[in-house]
Amino acid sequence: RGGEEEEEEEEEEVEGWHQLYPGHIPTSPLQKALLAAGSAVMALYDPYRHDMVAVLGETTGCLALPNLRDKMKNHPEGYRILQERPRIRLSTLDVARLEGLPDGSLGREYVRFLEDNKVSPDTRMPPKFVDDEELAYVIQRYREVHDLMHTLLGMPTNMLGEVVVKWFEAIQTGLPMCVLGAALGPVRLSTRKLQVLATELVPWAIRSGLNASCVLNVYYEQRWEQPVESLREELGIFPPP
């Protein structure tokens with residue numbers, strides 16, 4: 001009987017570890033490596049498989065995510081985001097108010113981007129494989145501001161636009177997933193688009209990524225009225241070519 005009780009206690013401990021946050025799935029380094037390899041193959045085969053891209057980001061971000069978290073902790077606005085844990089979802093957005101903001105404001109242009117490209121912040125996958133609750137929020141935040149990166153950079157959601165944003169995000173975040181997407185995404189582009197990408201868009205994205213302050217340190221929900229151009233200037237993002 002004593003042995004059964006010990007087993008139950010052990011199961012409870014493991015179960016507690018499972019619940020670092022809702023949906024968390026603990027994995028060993030080997031399991032993470034296998035998940036990373038499988039998700040990388042699938043993401044390269046179909047770059048619009050956002051679930052595979054998400055798994056790749058979580059299983060390969062062990063160095064980049066703590067670095068991003070530290071950048072947020074050492075910045076007043078970033079630190080407040082980590083403390084308050086805001087979420088960008090349709091349930092947290094006052095879409096009607098944002099639509100009523102002046103053209104050129106962050107909120108108006110963000111909603112316009114969502115409508116024009118028929119995308120929703122609710123499609124962002126919740127984290128599962130990050131074994132730290134705070135780092136899980138960091139990658140969640142990165143995902144939820146991804147469409148705001150498109151808005152700030154003036155890039156659509158087609159393959160060309162995604163590659164440009166990935167170059168910017170790769171420089172900004174250091175996430176291997178972004179580096180992989182930036183490096184291998186162009187293989188699907190036409191020769192003409194590759195030329196534009198190589199001569200204009202990638203150099204601009206790299207310069208902007210290096211020059212800009214950390215984009216996770218912006219409390220976007222409190223900046224909806226700010227003009228996009230003003231926020232670009234504040235962050236250090238050069239005007240799109």
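What you see below is based on every heavy atom in this structure, not just the backbone, and it leaves out hydrogens, waters and symmetry mates.
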Electrostatic pair [X]:[Y] at N-O distance under 4.0 angstrom:
X    : Y    : value
R85  : E221 : no
R232 : E229 : no
E144 : R87  : yes

Side-chain donor-acceptor pair under 3.5 Å between H24 and E133, yes or no? no

Could you check whether any side-chain N or O of [X] sits under 3.5 Å from a backbone N or O of [Y], counting only pairs where one atom can act as donor and the other as acceptor?
X    : Y    : result
W167 : A182 : yes
R108 : L98  : no
T27  : K32  : no
Q172 : V215 : yes
E77  : Y219 : yes
Y21  : V130 : yes

If Ile, Leu, Val, Met, Phe, Trp and Tyr residues are connected whenever their side-chain heavy atoms lie under 4.5 Å apart, and connections chain through other members, are [X] and [Y] in the same group?
X    : Y    : result
M72  : L235 : yes
L82  : I139 : yes
V165 : V202 : yes
L210 : V163 : yes
M149 : V138 : yes

Given side chains that start at C-beta, do those of [X] and [Y] come closer than 4.5 Å, heavy atoms only?
X    : Y    : value
M52  : M177 : no
E234 : S213 : no
T151 : Y220 : no

Taking atom CG as the centre, does L63 end up with more than 12 heavy-atom neighbours from other residues, nucleotides or ligands that are less than 6.0 angstrom away? no

Looking at residues at least two apart in the chain, or sitting in another chain, which of them share a ring pair (Phe, Tyr, Trp, His ring centres under 6.0 Å) with F113? H150

